[in-house]
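Notes to accompany the following structure.
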Amino acid sequence: MKIDSSQINSDAGRQVYNTLDCCLTHEIFGKISKQLDDNSRLIYNFERALQAPVLEMMERGFRVDQYERQKGIASLREQASHLQFWLDSMAQAIWGAPLNAQSPKQLAAFFYGTMRLPEQWKYEKGSRKLSTDREALEKLAVYFYARPIVDTILEIRNVKKRLSVLETEIDFDGRMRTSYNIAGTETGRWSSSENAFGTGTNLQNVTPELRKIFVSDPGFKLLGIDLEQAESREVGWQCGVLFGDWSYLDAAYGGDLHTLACKLIWPQLGWTGEKKADRTIADRIFYRGFSYRDMAKRGGHGSNYLGTPFTMARHLKVPTKLMETFQSAYFTAFPGIPRWHRWTAQQLQQSRLLVTPFGRRRHFFGRPNDDATLREAIAFVPQSSTGDRMNLGLWRIWKYMRDRVQLIAQVHDAVYFQFPEHLDENEIAREALALIDIRLQHNGHELIVPGEAKSGWNWGNYDAEKNPNGLKKISISTPDIRQRLDGLARIL
DNA sequence: ATTCCCAGCGCG
DNA sequence: AAAGCGCGCTGGGAAT
């Protein structure tokens, strides 16, 4: 096609440009669509179908309570300048100059140079690096003169981090519009970021405290649904489907996965078989403020993804030996998990390809013998499946409840929408929970990931004093799902 | 003046 | 000695 650019004005020029872009895309599609197998085509069509609800969410945005936002900004700015004054005073006394808490370079010169404190190194990608992150600074805090300085620096960082969210530019109509990228990640999860017009920000990493500034529209109430222990259940599903070891999934169905894990790891704690009493036992302190259940939860999650006892011990601030003992008990209780790890390593050697229960395929281009590649591969299936599960549910809510609800946000394993207040929220919740109830079957076993519904008038968590309008668990259970779960637990 | 990379840190 | 994974944003500071 020949275009004489002198013959067209700039608007028409842009149209021609766009048209040619589309033609090229269409041409490419003609070639690569032949390479799609049935599953890939399904995933591709699914991603395209998600464009409608995503565009709707992006255009709608999330209403921001301007009063709360400004109040927060004013208070944090005040705190920041106060803290900076103290930091500068202390720094002046020590090296005769102010100190920037956000400059690793200055902090290293200050602590390791002028103050002559022991250098803190961290290991990353095979090399060791001088660090001034939270973990490093906390180690310096044991020194008498460093402690108040470290505390001030950490607090400044904390305040500045929150300020950066609150100070994000929002739109003229008082709404924050994030940009969702449907096909931006390796796993099929969405990412979120500043939008094409330069306003908004990543909405998937906002702390519970700051979520309070996001509110429903007048006459509407927010409803959120999150998937319960979704990734863990997907791990259990892999163990069952691949090796017939359903122990981990069964533990999830038994009520509380982490308490159940406690029973298997520490059988001699005097378990009663009664849910409430056993939870009390699991909540007993095990080591330095961590309950048995805490250990099962964090240690279990880390172990599922091939965390080393050394690293997990560092994060939990417990002895390495303890995590070694934990992990060995954990892998004995759920033998399918280490088998699944070995199976994944084998897949990397043989095909470098993994396929999730939802049919999403990922090729691994890293070195098959590299631990880092193995870890990516192990994390892929549960993480990807949970994303697809949530997004399929989200799409179904959009498709079948569009006349009553408006989608607002997605945070990987949770979806938020608003509905007119005059409607029965129990009814809305029941219907949405049914739509996200996506089950898989295999050899008489079933994967069920229940959802938990919460409602309120702002995005923060409910607190009688601090946030009475926040999201509060809806006390209705979905009778259908609960009954079937109880039934399953009895069979097991 | 602008661009680019890194360190640090928030969420799931 | 010792790397859970997946993202995006900010600010510092060097490079251009």
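Reminder, nothing fancy here: chain letters follow the sequence lines and each chain counts from 1.
Proximity of A/K105 to the phosphate of B/dC6: no side-chain N or O atom is located under 4.0 Å from OP1 or OP2. Neither OP1 nor OP2 of C/dA1 sits under 4.0 Å from any side-chain N or O of A/R314. Using a 4.0 Å cut-off, no side-chain N or O of A/R157 falls inside it from OP1 or OP2 of B/dG8. The side chain of A/T185 places no N or O atom within less than 4.0 Å of a non-bridging phosphate oxygen (OP1 or OP2) of C/dC7. Between A/K129 and B/dA7, a side-chain N or O to OP1/OP2 separation shorter than 4.0 Å is present. Using a 4.0 Å cut-off, some side-chain N or O of A/K122 falls inside it from OP1 or OP2 of B/dG8.
When heavy atoms are screened at a 4.0 angstrom cut-off, A/K160 is found touching no nucleic acid atom at all. Counting any heavy atom pair closer than 4.0 Å across all strands shown, A/R134 reaches sugar-phosphate atoms only and no base atom. Looking at heavy-atom distances under 4.0 Å, A/V165 makes no contact with the nucleic acid at all. Residue A/N181 is out of contact with every strand shown, counting any heavy-atom pair closer than 4.0 Å. A/D413 comes within 4.0 angstrom of the backbone, heavy atoms only, and of no base. Using a 4.0 Å heavy-atom distance criterion, A/S131 is classed as a sugar-phosphate-only contact. No engagement by A/R298 is indicated, since no non-hydrogen atom pair under 4.0 Å with the nucleic acid exists. Among the heavy atoms of the strands lying under 4.0 Å from A/Q383 is at least one base atom, whether or not backbone atoms are also near. Counting non-hydrogen atoms under 4.0 angstrom, A/R375 reaches the backbone sugars and phosphates but no base. Within the nucleic acid shown, A/T132 comes within 4.0 Å of sugar-phosphate atoms alone, with no base atom in reach, counting heavy atoms only. Across all strands, A/S192 comes closer than 4.0 Å only to sugar-phosphate atoms, never to a base (heavy-atom distances). Within 4.0 Å (heavy atoms only), A/R389 reaches no atom of the nucleic acid at all.
In this structure, A/N195 contributes its side chain and A/G198 its backbone to a donor-acceptor pair below 3.5 Å. With A/Y180 contributing its side chain and A/Q410 its backbone, the two residues share a donor-acceptor pair below 3.5 Å. Side chain of A/T386 to backbone of A/Q383: no donor-acceptor contact under 3.5 angstrom is found.
Protein atom CG of A/D370 is 10 Å distant from nucleotide atom C1' of C/dA3, rounded to whole Å. The CD1-C1' distance, from A/I153 to C/dG11, rounds to 15 Å in whole Å. Atom pair A/W459:CH2 and B/dC11:P shows a separation of 11 Å (rounding to whole Å applied). The separation between A/N100 atom CG and B/dA7 atom P is 16 Å, rounded to whole Å. Whole-Å rounding puts the A/L203 CG to B/dG12 P distance at 12 Å. Rounded to an integer number of Å, the gap from CG of A/L166 to C1' of C/dT10 is 14 Å. Taking atom CD1 of residue A/I182 and atom P of nucleotide C/dC7, one finds them 16 Å apart after rounding to whole Å. Per the geometry, CD belonging to A/Q106 stands 15 Å off P belonging to C/dG11, to the nearest Å.
Considering only side-chain atoms of A/S193, the nucleotide from C/dC9, C/dG6, B/dG12 that sits closest is C/dC9. Of the listed nucleotides (C/dC7, B/dC9, C/dC9), C/dC9 has the atom at the smallest distance from the side chain of A/E194. Closest contact between the side chain of A/S103 and the listed nucleotides C/dG13, B/dC11, B/dG8 involves C/dG13. For A/P104, taking side-chain heavy atoms from C-beta onward, the closest of the listed nucleotides C/dC7, B/dG8, C/dA3 is B/dG8. For A/T308, the listed nucleotide lying nearest its side chain is C/dA3; candidates were C/dA3, C/dC5, B/dG12. Counting only heavy atoms from C-beta on, A/A372 has its side chain closest to C/dA3 among C/dA3, C/dA2, B/dG8. Comparing C/dG8, B/dG12, C/dG6 against the side chain of A/R211 picks out B/dG12 as the nearest. The side chain of A/E376 lies closest to C/dG6, out of C/dG11, C/dG6, B/dG8.
Below the 3.5 angstrom threshold, one finds a donor paired with an acceptor across the side chain of A/R189 and the base of B/dG12. Side-chain atoms of A/N202 stay outside donor-acceptor range of the base of C/dG8, with no qualifying N/O pair under 3.5 Å.
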Give the intermediate values and the outcome of ring-ring contact (aromatic ring centres under 6.0 Å, His included) for residues A/W95 and A/F110. CA-CA 8 Å; A/W95 75 351; A/F110 182 84; 5.1 Å; yes
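In summary, A/K473 and A/E452 engage in a salt bridge, as defined by a charged side-chain N under 4.0 Å from a carboxylate O.
With a cut-off of 3.5 Å on both Watson-Crick or G-U wobble distances, the partner of C/dA3 is given as none.
Residues A/S131 and A/Q120 have side chains that never bring a donor and an acceptor to within less than 3.5 angstrom of each other.
Taking the ring centroids of A/Y416 and A/W459, they lie under the 6.0 Å cut-off. Taking the six-membered ring for Trp, A/F290 and A/F286 have ring centres at least 6.0 Å apart.
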